[in-house]
Visitor: 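Quick one: structure below, then a few questions.
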Number of protein chains: 2
Amino acid sequence: MVAALVRGAFLVNAVYAESAREFGITAQQGQLLCVLMPGPYGMGELGTTLGLAKSSLTGLVDRTERNGLVRRGPDPRDSRAVRIALTRKGAALAERFYAETCRRVERLTAELTDADRDTLAALLGSVVTANKVPVVFHEPDPGIEVRATN
Amino acid sequence: MVAALVRGAFLVNAVYAESAREFGITAQQGQLLCVLMPGPYGMGELGTTLGLAKSSLTGLVDRTERNGLVRRGPDPRDSRAVRIALTRKGAALAERFYAETCRRVERLTAELTDADRDTLAALLGSVVTANKVPVVFHEPDPGIEVRATN
DNA sequence: AGGGGTTAGTTCGTGCCACGAATTTCCCAT
DNA sequence: ATGGGAAATTCGTGGCACGAACTAACCCCT
């Protein structure tokens, strides 16, 4: 059990990192983009979501901003706070990176039957929610298009 | 499915890293110790097992050696090669770190029934083996003691 | 008003991690 | 013996993560 979880995590990480690399970003920057896909976040929220210290986040956002993928904007409610949002370029890259990463991770379960895949998803899903894992990767869009985004 | 895998990996990683931190090592050094638990490895093997470039490994082994957890020994077969082995201190720490990490990862599945846990282990296990994930974390010792190690 | 405590982010210094390119040493097959 | 390839290390670069110290703004309370 434990070994399966740890090695599974290792595998997913490797795939994630390699996917990121091919898009010219690091895994951490990719994660940041994915978190921001639904909408802007403040630094504080990002810190708790990604499990990073404030000071770690400043640097990550700096580097990602320098790459033109993300933008710091003012928070109308609070002038010390800051809203991090995807730039147009960042949103486009996030979309592509997200899709490609989904494809690759999905392919890891290629040899499972559909039923097994569903079971695995359900079990892992319950572990994830029971442990209150932040949404560092949102559910893919199911078939029907009902986008309100943008 | 994908989201469950990615978030699960995120969760396991966080637990792993926190466990390592409490033993005064980094996640990478902890992983190195775990890989070395069954016996010594050469740099090359370590590289493929951990998925790291040779040059990355030199540094990791340097730092871990500096901490007194690991030792470079000569390879009798090949004088350029090197065998990395746990020191006595490293073996002791590895044992404790491994056990504690197992406890913590296991606790993540606390709310599953035994049957569900078995199912999850089996499914994840088949994904892991189908994708030829190296043994970066070996199976815990089942009850009966049949050690040949050391 | 106007402080005192709190919160949001940044800065700074440190150490770790990962990589590629270049290098050295050695093995081995021809 | 020699030339190709494998095993490691070195070097330089850049990203990542942290804690401690700091600044600016908010909030509340009197």
Side-chain angles (χ1 to χ4, degrees), chain A residues 10 13-33 35 40-85 136, chain B residues 10 13-33 35 40-85 136:
Chain A
F10 183 84
N13 263 346
V15 169
Y16 198 98
E18 188 190 344
S19 180
R21 169 181 269 260
E22 292 183 17
F23 283 93
I25 57 179
T26 64
Q28 289 86 350
Q29 294 183 19
Q31 208 162 37
L32 177 58
L33 296 187
V35 167
Y41 270 64
M43 291 297 253
E45 302 169 274
L46 278 180
T48 61
T49 306
L50 295 176
L52 294 179
K54 297 179 300 178
S55 54
S56 312
L57 217 53
T58 300
L60 179 57
V61 171
D62 281 349
R63 290 183 294 271
T64 314
E65 190 172 31
R66 194 186 313 145
N67 291 350
L69 304 176
V70 117
R71 185 178 45 235
R72 280 176 166 95
D75 182 336
R77 300 286 203 163
D78 185 341
S79 73
R80 6 174 225 180
V82 133
R83 311 245 70 195
I84 314 297
V136 308
Chain B
F10 183 84
N13 263 344
V15 169
Y16 198 98
E18 189 191 343
S19 179
R21 166 180 272 261
E22 293 184 16
F23 283 94
I25 57 180
T26 64
Q28 288 85 351
Q29 295 183 19
Q31 208 160 37
L32 177 58
L33 297 189
V35 168
Y41 270 65
M43 291 298 254
E45 303 167 274
L46 277 180
T48 61
T49 306
L50 295 176
L52 295 179
K54 295 178 300 176
S55 54
S56 312
L57 217 55
T58 300
L60 179 56
V61 171
D62 281 350
R63 292 183 292 271
T64 314
E65 190 172 30
R66 195 185 313 144
N67 291 350
L69 303 176
V70 118
R71 184 179 44 235
R72 280 175 167 95
D75 182 335
R77 301 287 205 163
D78 185 342
S79 73
R80 340 166 253 188
V82 131
R83 312 245 71 196
I84 315 296
V136 314

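We name chains A, B, ... by the order of the sequence lines, and we start the count at 1 in each one. This structure is a prediction, so every number in the text was calculated from the model and none was measured.
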Visitor: Which is true for Ser79(A) with a 4.0 Å heavy-atom rule: it touches a base, it touches only sugar-phosphate, or it touches nothing?
Guide: sugar-phosphate
Visitor: If you check every side-chain atom of Ala81(A), which of dA8(C), dT11(C), dC19(C) has the closest atom?
Guide: dA8(C)
Visitor: Could you check how far CG of Asp75(B) sits from C1' of dA6(D), rounded to whole Å?
Guide: 13 Å
Visitor: With a 6.0 Å cut-off (strictly less than), is the heavy-atom count around CZ of Arg21(A), excluding the residue itself, greater than 12?
Guide: no
Visitor: Measuring to OP1 and OP2 of dA18(C), would you say a side-chain N or O of Ser55(B) lies under 4.0 angstrom away?
Guide: no
Visitor: Under a 3.5 Å distance rule, please check whether Thr64(A) uses its side chain to pair with a backbone N or O of Leu60(A) as donor and acceptor.
Guide: yes
Visitor: Specify the residue among Gln28(A) and Asp78(B) whose closest nucleotide of DNA chain D lies further upstream toward the 5′ end.
Guide: Asp78(B)
Visitor: Tell me: NZ of Lys54(B) to P of dA6(D), nearest whole Å?
Guide: 10 Å
Visitor: What is the nucleic acid contact for Leu52(B), judged by heavy atoms within less than 4.0 Å: base, sugar-phosphate only, or nothing?
Guide: sugar-phosphate
Visitor: Hey, are the side chains of Met43(B) and Arg83(B) touching, using non-hydrogen atoms and a 4.5 Å cut-off?
Guide: no
Visitor: Taking only the side-chain heavy atoms of Ala53(B) (C-beta and beyond), determine which of dC18(D), dA18(C), dG20(C) contains the nearest atom.
Guide: dG20(C)
Visitor: Rounding to an integer number of Å, can you tell me how far Tyr16(B) OH sits from dC17(C) P?
Guide: 12 Å
Visitor: Hey, which of these two, Asn67(B) or Arg21(A), hits DNA chain C nearer its 5' end, going by closest nucleotide?
Guide: Asn67(B)
Visitor: Rounded to whole Å, how long is the line connecting atom CG of Leu57(B) with atom P of dA8(D)?
Guide: 9 Å
Visitor: Over how many whole Å does the gap from Arg77(B) atom CZ to dA7(D) atom P extend?
Guide: 15 Å
Visitor: Measure from the side chain of Thr58(A), starting at C-beta and using heavy atoms only, and say which of dC18(D), dT10(C), dA18(C) lies closest.
Guide: dT10(C)
Visitor: Does dG15(C) have OP1 or OP2 under 4.0 Å away from a side-chain N or O of Arg63(B)?
Guide: no
Visitor: Treating Glu45(A) as the side-chain partner and Gly42(A) as the backbone partner, does any N or O pair qualify as donor plus acceptor under 3.5 Å?
Guide: yes
Visitor: Contact between Leu50(B) and Val35(B) at the side-chain level, heavy atoms closer than 4.5 Å - yes or no?
Guide: yes
Visitor: Please state how far atom CZ in Arg66(B) lies from atom P in dT9(D), giving the value in whole angstrom units.
Guide: 14 Å
Visitor: Compare all side-chain heavy atoms of Ile84(B) with those of Leu57(B) and state whether any distance is below 4.5 angstrom.
Guide: no
Visitor: Starting from C1' on dA18(C), measure out to CG on Asp62(B) and report it in whole angstrom.
Guide: 14 Å
Visitor: Identify whether any heavy atom of Leu60(A) sits under 4.0 Å from a base atom; if not, whether one sits that close to sugar-phosphate; answer base, sugar-phosphate or nothing.
Guide: sugar-phosphate
Visitor: Name the nucleic acid region contacted by Gly59(B), choosing base, sugar-phosphate or nothing; use a 4.0 angstrom heavy-atom cut-off, strictly under.
Guide: nothing
Visitor: The side chain of Arg72(B) is closest to which nucleotide in this list: dC16(C), dA17(D), dT9(D)?
Guide: dT9(D)
Visitor: Please determine whether any donor N or O and acceptor N or O are separated by less than 3.5 Å between the side chain of Arg80(B) and the base of dA6(D).
Guide: yes
Visitor: Of all the nucleotides listed (dA8(C), dA8(D), dC18(D)), which has the minimum atom distance to the side chain of Met43(B)?
Guide: dA8(D)
Visitor: Roughly, in whole Å, what's the span from CG in Leu32(A) to C1' in dA17(D)?
Guide: 15 Å
Visitor: So, is Thr26(A) close to the dG15(D) phosphate, meaning a side-chain N or O under 4.0 Å from OP1 or OP2?
Guide: no
